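This report concerns only the one structure given below.
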Amino acid sequence: MTGASPPPSVAEIRSLFRSLLRVARQFPDYNIREYTKRRTIDAFRQNSTLSDPSSVSSAFSHGKSQLEVAKRQAVVYSLYAPPLRSIMDLQQRTS
């Protein structure tokens with residue numbers, strides 16, 4: 001053994017996916033929020049075909065680092081949220 005960590009479990013991967021989507025909902029700006037959700041879903045779809053344990057571990061590590069970036073960015077964006085809501089936010093509330 002080279003001392004590499006074992007690949008993440010399916011439960012850990014699902015938890016990371018849900019965490020990324022949860023953080024995406026924290027962005028006050030509609031465009032950023034939807035981009036983050038779409039990018040998360042696309043990345044997980046793309047990586048769903050990975051079978052090599054080292055590739056899975058690498059993708060999982062990258063996802064965890066992206067989660068930390070998204071958390072920090074959500075805080076920064078909330079500090080500078082635009083005073084007016086996006087028309088898309090208003091439409092979602094009325095439907």
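Computed from a predicted model, the values in this text were never measured in an experiment.
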For S15 and A11, indicate whether the former's side chain and the latter's backbone hold a donor-acceptor pair under 3.5 Å.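 The answer is no, because no donor-acceptor pair under 3.5 Å joins these two groups.
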Pairs in or reaching into residues 65-74: which pass side-chain hydrogen bond (donor to acceptor under 3.5 Å, both in side chains), with residues at least two apart or in two chains?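 Counting only pairs at least two positions apart or across chains, no side-chain hydrogen bond (donor to acceptor under 3.5 Å, both in side chains) contact touches residues 65-74.
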Quick test of your reading: applying side-chain hydrogen bond (donor to acceptor under 3.5 Å, both in side chains), list the pairs with at least one residue in residues 42-60, sequence neighbours left out, ordered by first then second residue.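 Output for this query lists D52-S54, D52-S55.
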Can you name the nearest heavy-atom pair linking P28 to R33, along with the distance?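 P28 and R33 have their closest heavy atoms at O-NH1, 3.3 Å.
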Closest approach of A59 and L50, non-hydrogen atoms and distance?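 What the structure gives for the nearest pair is CB-CD1, 3.8 Å.
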Could you list all the ring pair (Phe, Tyr, Trp, His ring centres under 6.0 Å) pairs where at least one residue sits in residues 51-75, not counting sequence neighbours?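 Counting only pairs at least two positions apart or across chains, no ring pair (Phe, Tyr, Trp, His ring centres under 6.0 Å) contact touches residues 51-75.
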[X]: what forms a side chain to side chain contact (heavy atoms under 4.5 Å, CB included) with it, not counting sequence neighbours?
{"X": "F17", "answer": "L21, T40, I41, F44"}
{"X": "S61", "answer": "none"}
{"X": "S78", "answer": "none"}

Can you check whether L16 reaches L67 side chain to side chain, under 4.5 Å on heavy atoms?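 Side chain of L16 against side chain of L67, heavy atoms only: contact under 4.5 Å found.
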